[in-house]
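What follows is one structure encoded as structure tokens, with my remarks underneath.
Predicted model, so just to flag it, every value in this text is computed and none were measured. Note: hydrogens, waters and symmetry copies are ignored here, and every other heavy atom, side chains too, is used. So that the names make sense, note that chain A is the first sequence line, chain B the second, and so on, each numbered from 1.
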Amino acid sequence: MTTRTAPSSTRQFGKAFSRYPWLYSLIMLVVLLVINRSLQDNLFELFAVNGNLRVWLPAMLLAAGQTMVVIAGGIDMSVGGILSMCNAILATQIPSDATAERFITVIAISLLAGLAAGALNGFGVTYLRLQPIVTTYATSFIFSGIALQILPEPGGRLPRDVTTFFRNPIGDAVPVPALVIVGILIFWYVLTRTRFRQYLFGSGSKAEAAYATGVPVSRVRFTTYLLSGLFAALAAVALTMGNGTGNPRAGDLMTLPSVVAVVLGGTALSGGRGSVIGSLIGVAILGSISNVLSFAQIDRWVRPLTDALIIVVALAVPGVFALVRRMRR
Amino acid sequence: MRHKMLVVAAILAIVVLGIGAVSAQETYTIGISNSFVGSEWRTQMIQNIEDTAAELEEALGIDIELVIESEDTDAAGQEQQILNLINRGVDGIIVNPGDAEALRLTLEDAVAQGIPVISIDQEVDGEGVVNVVIDQSEWARISARWLAEQLGGEGKIVLIEGFVGHPANTARMTGVEEVLADYPGIEVVGRETGSWDQATGQQVMSDFLASLPEIDGVWTQDGMAFGVLNALRTANPDVWPIASGEARADFIQAWGEVVEENPDFQTIGVVNPPGVASDGLRVLVNLLQGKMIDAEQLAGPYGNTLYVPLPLVIVSEDFTYTDMEGNETVFEANFDEALAEAAEMPSAYTLDGMLTQEEVDAFFVAE
């Protein structure tokens, strides 16, 4: 009796993990948060939560867009460039005495710029059939070049009302970034309840089979680049409203972490499998690793190495589990 | 038995209380935030903080615990550093901001929580933040004035600058332009960035030498000046242009080698001291001890800056410097001393200088 129930429960776990590939990541995040909490008493107090979420939010938005591209079988190495470009637009076009109307218009323009950038990527990848990694790497220089044209040196200052609103919890209780994160989750929930879900995952896993069954693979992939561009623009809005200024190199160091977060979140780089939820968790994992190292006061010379080692271990965990399972069989 | 226990307990209590009284001396936890590693200047900066902290502990009978956040990172990463320092409950923060404007609001948050913030090397326009920096424009004006005087106010010069768009570079080039405006006979025939990098500086200078028929002078600075000197030594033109220099040990050593071959060779090294970090720490500790900054001493574009005087100008012949207000300062020839000091230092070491406690106290309201 008992011998029978044990394997069936492991099988159920296995099922849950394959249905929700981000469960591993969630466990990893919980472990990291427990460690972080043991080193930092006020980790879950409002100021700390608000601050962490504010710093992580742009990376989360980038990773969310990246996830959809990756699931459909591509990759977007230009998200940092798009962020820089939109950050430059926002910082230069919203003066500190801007009206609400002006503010909203400029945000709309920068979102359009993000979409246009995504369209350029999508055109290159799906219609010119260029390699995604090369195409988007090349276009990233176009976008960061435009950023430097618009804003040659760091600067610009948004109205104080805007930054004050964004940086302070609503009613001294709810951090604004938390609301945005809920918004991303709702977006993903709705998206995965439409036919687009089949299209998205189908385009990634077995593109030819999907095409044969009537999935418009090219259009789906084009759409994912559009979405990625849009999310990168939203990330720029979050960044700019957070620190109130622009830097033409703001996104330089943000592209690779967005890919790492996607992978940490259980999304397969080979496409066809993954979740935006996991990528958000992935960003929180990366942020928590750096916070744990900071609060543990790891010597500053070994910190980059420790940081990298933990990320490698985190990336390897699902692989190790799978290996163990294969060896048991 | 019970009596004995009581006696032991009493003795223990006295001992514990005694230790408590002895160790009740004030402890200041001070957070350091740095976003750029891998430059000797920043290494010296942190070393200076550690040394001065030890000195202050001794002098004031206090404990200083340093929490050092130092890694290569962007503005978001440095914001996380500062937030972690705030969350850790530090008593004060010393920051060298990578992007002063992007960190402004987070530094203001720290000040609002009662944590004094000192920004070194870069000026932050933050309410309550105190900047402790050298005047970058004045720093550049000294060597620019020297160059113009050496040329007798006549000739064709090239400018090799640092990162275009970096606030320190902008301030320095403004200073250079202000000085050159006094010399209509000097014509700028080339201007290029050397990215504050020795190899790039050398390349840019080699290109200038190859493409321009006449160069009488070169104004350059930090790191790149050594590249320029190397380019000149390699090309070895019949008449060397007069070039400004820098104050790093390897440059001073090379300067010494060139002088041996050509006794007429002259240049100038104006020290940009990593010692501002030590000055910043002294200002911070004064604030933590309840001293008040003398409002008269605050200056700068945002009215919250304490300008640290430039500690050292290295020249091989006396140089009378005239600032923009017409005040004259004589920098006496000190190259031989500088060379002796540089000879013992690692090549990327910057000759340094820092304020004494008395000089820092002069920024504060007398008690």
Side-chain angles (χ1 to χ4, degrees), chain A residues 36 39-43 45 47-52 54-59 80 87 91 148 151-158 160 163-164 166-168 238-254 257 287 290-295 297-301 303-304 307, chain B residues 29 31-35 37-38 42-43 46 50 65-90 97-110 112-113 122 124-127 163-171 173 193:
Chain A
N36 194 351
L39 298 164
Q40 179 190 356
D41 292 338
N42 55 12
L43 176 64
E45 283 171 24
F47 180 83
V49 172
N50 186 41
N52 279 338
R54 184 178 71 238
V55 175
W56 296 346
L57 185 60
N87 177 231
L148 275 165
L151 180 71
E153 41 190 279
R157 190 175 287 185
L158 264 61
R160 188 103 12 205
T163 46
T164 304
F166 192 80
R167 294 173 68 92
N168 293 294
L239 180 79
T240 320
M241 285 178 75
N243 64 22
T245 187
N247 186 329
R249 304 190 180 280
D252 278 10
L253 296 178
M254 296 188 77
S290 113
N291 285 353
V292 164
L293 294 179
S294 157
F295 278 92
Q297 270 299 289
I298 303 288
D299 186 272
R300 60 182 188 276
W301 301 115
R303 212 181 283 185
D307 197 34
Chain B
T29 307
I32 318 294
S33 166
N34 172 41
S35 64
V37 194
R42 301 287 178 121
T43 310
I46 290 172
E50 286 171 338
E65 192 199 327
L66 297 176
V67 180
I68 300 172
E69 294 281 329
S70 174
E71 62 197 322
D72 277 319
T73 188
D74 55 7
Q78 195 167 18
E79 182 177 3
Q80 183 83 64
Q81 287 183 350
I82 311 262
L83 289 172
N84 287 349
L85 292 174
I86 298 174
N87 284 326
R88 191 185 264 277
V90 296
D99 183 341
E101 185 65 17
L103 284 181
R104 178 176 63 96
L105 295 167
T106 305
L107 295 175
E108 283 184 354
D109 282 351
Q113 299 215 6
Q122 298 271 340
V124 179
D125 181 15
E127 227 179 290
F163 284 125
V164 178
H166 189 286
N169 187 62
T170 308
M173 297 318 287
T193 176

Exercise. Could you walk me through whether A:Arg303 and B:Glu69 pass the side chain to side chain contact (heavy atoms under 4.5 Å, CB included) check?
Worked result: CA-CA 10 Å; A:Arg303 212 181 283 185; B:Glu69 294 281 329; 3.1 Å; yes
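- Judged by distance alone, the side chains of B:Ser33 and B:Gln78 do bring a donor and an acceptor atom under 3.5 Å apart.
- The contact between B:Asp74 and chain A is made by backbone and side chain atoms together, counting heavy-atom distances below 4.5 Å.
- For a residue to count as touching a neighbouring chain, one of its non-hydrogen atoms must lie under 4.5 Å from one of that chain's; by this rule B:Gln113 touches chain A with the side chain only.
- A:Asn42 meets the side chain to side chain donor-acceptor pair (under 3.5 Å) test with A:Gln40; sequence neighbours excluded.
- Looking at B:Ile82, neither its backbone nor its side chain comes within 4.5 Å of chain A, counting heavy atoms on both sides.
- At a 4.5 Å heavy-atom cutoff, the contact between A:Arg160 and chain B is made by side-chain atoms alone.
- Checked against B:Asn84 for a side chain to side chain contact (heavy atoms under 4.5 Å, CB included), the options B:Gln80, B:Arg88, B:Gln81 give a single hit: B:Gln80.
- Looking at A:Ala59, there are no atoms closer than 4.5 Å to chain B (heavy atoms on both sides), in backbone or side chain.
- With chain B as the partner, the residue from A:Trp301, A:Phe47, A:Phe295 showing the most heavy-atom pairs under 4.5 Å is A:Phe295.
- Judged purely by distance below 3.5 Å, without hydrogens or angles, the side chains of B:Thr106 and A:Arg167 pair a donor atom with an acceptor atom.
- There is no contact between B:Leu103 and chain A, counting heavy-atom distances below 4.5 Å.
- Proximity to chain A (any heavy atom under 4.5 Å) is shown, for B:Val67, by both the backbone and the side chain.
- In this structure, chain A has no heavy atom under 4.5 Å from any part of B:Asp72.
- Partners of B:Asn34 under the side chain to side chain donor-acceptor pair (under 3.5 Å) rule, at least two apart in sequence or in another chain, are B:Arg42, B:Ser70.
- The contact between B:Ala102 and chain A is made by backbone and side chain atoms together, counting heavy-atom distances below 4.5 Å.
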Problem set entry | Worked check of side chain to side chain contact (heavy atoms under 4.5 Å, CB included) between A:Leu57 and A:Phe166 | CA-CA 12 Å; A:Leu57 185 60; A:Phe166 192 80; 3.9 Å; yes
